[in-house]
Protein chains: 2
Amino acid sequence: MARLAGSSKLLRAMNESATMALLIDRGTLTRGELRELTGLSKPTTSDVLRTLTEAGLAVVVGHTSGGPGPNAEVYAVNPAAATVLAISVRDVSETLHAPFEAALCDLGGAVLARAAYPSDPADGDPVGTVRAIAADLCARAGRDRVTHLQLGVPGSYDPGTGAIRHIDVTGWGRPGLVTELAAALDLTVDADNDVNLAAIAERHRGAAAGSGSFALLWLGAGLGCAIDLGTSLLRGATGGAGEIGYVPLGLAAPGQPRDLQSLAGGPAVAALGAAHGFTGATAEEMVAAAARADSPAATAFLGALADRIAVVLAVVAALVDPPLVVLAGEVAQAGGVRLRDLVTEAFHRNTPLRTPVEVTALTDDAVLLGAMDSGLRSVRESLVDSLNARPIPARSA
Amino acid sequence: MARLAGSSKLLRAMNESATMALLIDRGTLTRGELRELTGLSKPTTSDVLRTLTEAGLAVVVGHTSGGPGPNAEVYAVNPAAATVLAISVRDVSETLHAPFEAALCDLGGAVLARAAYPSDPADGDPVGTVRAIAADLCARAGRDRVTHLQLGVPGSYDPGTGAIRHIDVTGWGRPGLVTELAAALDLTVDADNDVNLAAIAERHRGAAAGSGSFALLWLGAGLGCAIDLGTSLLRGATGGAGEIGYVPLGLAAPGQPRDLQSLAGGPAVAALGAAHGFTGATAEEMVAAAARADSPAATAFLGALADRIAVVLAVVAALVDPPLVVLAGEVAQAGGVRLRDLVTEAFHRNTPLRTPVEVTALTDDAVLLGAMDSGLRSVRESLVDSLNARPIPARSA
DNA sequence: CAATAGTAAATCTACTTTCCTATTACGAGG
DNA sequence: CCTCGTAATAGGAAAGTAGATTTACTATTG
């Protein structure tokens, strides 16, 4: 119930924030369009734009033409006003990926430089690693400074303590690492779970683009789940929300899978594939092979797999009731639309729930893309909020 | 990213809203305290209070004394500015409760009148029923009009369609009933699931009073779960979030419980009690008897029950990671602290999760209390927002 | 020549600062 | 024990300021 109170200065700050937010959302706008959207008068719009331009936050990027009268100036956010560095940190014990992949983008969202790092440039010292990656990408992009760093990590991040937990990459589990990075490199830092970032990418440019909210089911070596509430992700008290692998399957019973991880995690899927005569190093490969094949064994394997995934799906659907569930992760990607249809069928057969199911629409590295999207969002919000030097928030009890 | 833009009028509206919100939150405030909290100047504070008083929203309820100088006027929200009617609608097929219980309260939250209705005053016509209850309580309280109606129903409510679903009370499942009630009685109406309302009561005056967010596990005839996100409840795409009874327990296996409802729902608990030699009409009675007893059978029954509840708890804890889970509903209430301790012990024994567990602190009808709290919140918010006749919200893409 | 972009001047709203008066508690002096 | 002066505070009035709007004007383009 806390509402803002203030004087004329607050008004000006709000109008600048609103204008900046519209420029960010819409890309390019003329003074006239801005006037329409904010409801402000012509002189005020001009004045606000003058301030933003002088502050280096907005720039004129062109002029209209065609209509009668003078050509209106077209304004946009100044892409050089901030630089975001996104780094995906990976646990390489089970994949062939590089341990680090990173991208640099400007405030407009354009990717300035991107690279994968097959070996750790600072060998176990995260601060050195980030410093080296930042220097490398800045040199390639011709930028001199990074404004914000967004990390994607295979573990959970607790913003309270600034520690990344459950991470198996040397040095990265150190308590207070995030604040240390912020201090050492003079930038703002945020970290997030890789599955959460994949969900953010899915919302911005994937299968969930149009959805108000959704849940993402990650089917890889581990099971994961991200719950998008529309405006933010559900993170949980200790950053542990979505750890669906721990969901138990009833009372402990001998010979039965104990939890969802042992029912539908990577090893369980691989074992299921082997039982159906498929060979391969990982679950992903077996599922990919089965999805391509037209044999009875392939049908049986995928059907059995779908039955298991449908159980995971039902847990999420019953508890959260999202308008959409997106299947992502290596196994889902390998199974594709064929697996999705089998999952939907098994889900309808075994439960009264009717939540729509999709497979991921992303082919690029979802975690890195999500880190860029998330980092951009942070920078843009802090930019807009900083204009709003809020005077006494009239706080609640 | 949408921010408000506007002119001086918006500023005044915001300052009135902020002042009203503070009066609601803090109860009583002097001009000086208000000045401190809003950061506004003396003349502005006076002017805003004058406006609110003339609009009948605020009143002077007393004067300070003791200090030097004139005695400051003490302001408060005018309790007569709105009247909230809360009605708990019940499915009486399995309990001894009255089918309707209702309370009338003023804007300050004081209960003006309260009554249970052992029979339906309009016999299956919800509009007539509400009209009769409103008339009865208004007469007792000496009020002439109800501002807002909050319904608590044993089913789910979809605000999109205005229909209450999965309800077994005659006439109440009719599509569009909520809008019909609003039109026929000339008031605003909201409805919510009974478990959600119990959670709201638990947040306002129960075990979750201090918690930022929490989950409420309802253990009664049916299983339910409410997920409080701090600012709002998770409702789901179709109002079906928290339908935890549908959570499957792995692949269909003969002789095994199929879902959480068949593991820990009322009938399952009653069967478990019977297997341990307890008798009684309902699960609640058996658990209450066991909780009072000190026999080996009681210990065995409660232990087995705790094992099952721990499974339900683990599902919620793994997926949502709330900072607190409150056990509520008849079975939890009957089991009390003894059952809670056994559940915690079983939870720790079988999972790596460490979510704190509490039992409900409410003894009165949680659903009716929650309906009052929820209705009050609605009315207060719409009151504060109505002061903020917002001029073009500078909306986003 | 008609329509539109942008600026300039005058006006309005609402907030702040400063100053003033009235009211109360308290203590010193009769 | 009463009275009166003093300090402190509540509340209001007057003057000044920031920021927005309206209206009028100029310049530009098809």
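Order of the sequence lines fixes the chain letters, A, B, ..., with proteins taken first and strands second; residue numbering starts at 1 for each chain.
Residue pairs satisfying the side-chain hydrogen bond (donor to acceptor under 3.5 Å, both in side chains) criterion with at least one member in residues 72-81 of chain A, sequence neighbours excluded, are listed as follows: Arg31(A)-Glu73(A), Arg31(A)-Tyr75(A), Glu73(A)-Tyr75(A). The salt bridge (Lys or Arg N to Asp or Glu O under 4.0 Å) analysis of residues 54-65 of chain B, with sequence neighbours excluded, yields no pairs.
Under the side-chain hydrogen bond (donor to acceptor under 3.5 Å, both in side chains) criterion, Thr44(A) pairs with Ser41(A), not counting sequence neighbours. Applying the salt bridge (Lys or Arg N to Asp or Glu O under 4.0 Å) criterion to Arg380(B), with sequence neighbours excluded, gives no partner residue.
Protein atom CG of Leu29(A) is 14 Å distant from nucleotide atom P of dA5(C), rounded to whole Å.
Side-chain atoms of His148(B) never come within 3.5 Å of backbone atoms of Val84(B) as a donor-acceptor pair (strictly under, hydrogens ignored).
Heavy-atom minimum distance, Leu197(B) versus Gly152(B): CD1-CA, 3.2 Å.
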Between the protein and nucleotides 9-13 of chain D, are there any N/O to N/O pairs under 3.5 Å, and if so, what are the atom names and distances?
from: dG11(D); atom 1: OP1; to: Glu73(B); atom 2: N; distance (Å): 2.9
from: dG11(D); atom 1: OP2; to: Arg31(B); atom 2: NE; distance (Å): 3.4
from: dG11(D); atom 1: N7; to: Lys42(B); atom 2: NZ; distance (Å): 2.9
from: dG11(D); atom 1: O6; to: Lys42(B); atom 2: NZ; distance (Å): 3.1
from: dG12(D); atom 1: OP2; to: Arg31(B); atom 2: NH1; distance (Å): 3.1
from: dG12(D); atom 1: OP2; to: Ser46(B); atom 2: OG; distance (Å): 3.4

Protein and nucleotides 11-15 of chain C: nitrogen or oxygen contacts under 3.5 angstrom:
from: dC15(C); atom 1: OP1; to: Asn15(B); atom 2: ND2; distance (Å): 2.8
from: dC15(C); atom 1: OP2; to: Arg12(B); atom 2: NE; distance (Å): 3.3
from: dC15(C); atom 1: OP2; to: Arg12(B); atom 2: NH2; distance (Å): 2.7

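Other residues, nucleotides and ligands contribute over 12 non-hydrogen atoms within 6.0 Å of the CZ atom of Arg143(B).
Using a 4.0 Å cut-off between charged side-chain N and carboxylate O, Asp364(B) and Arg205(B) make no salt bridge.
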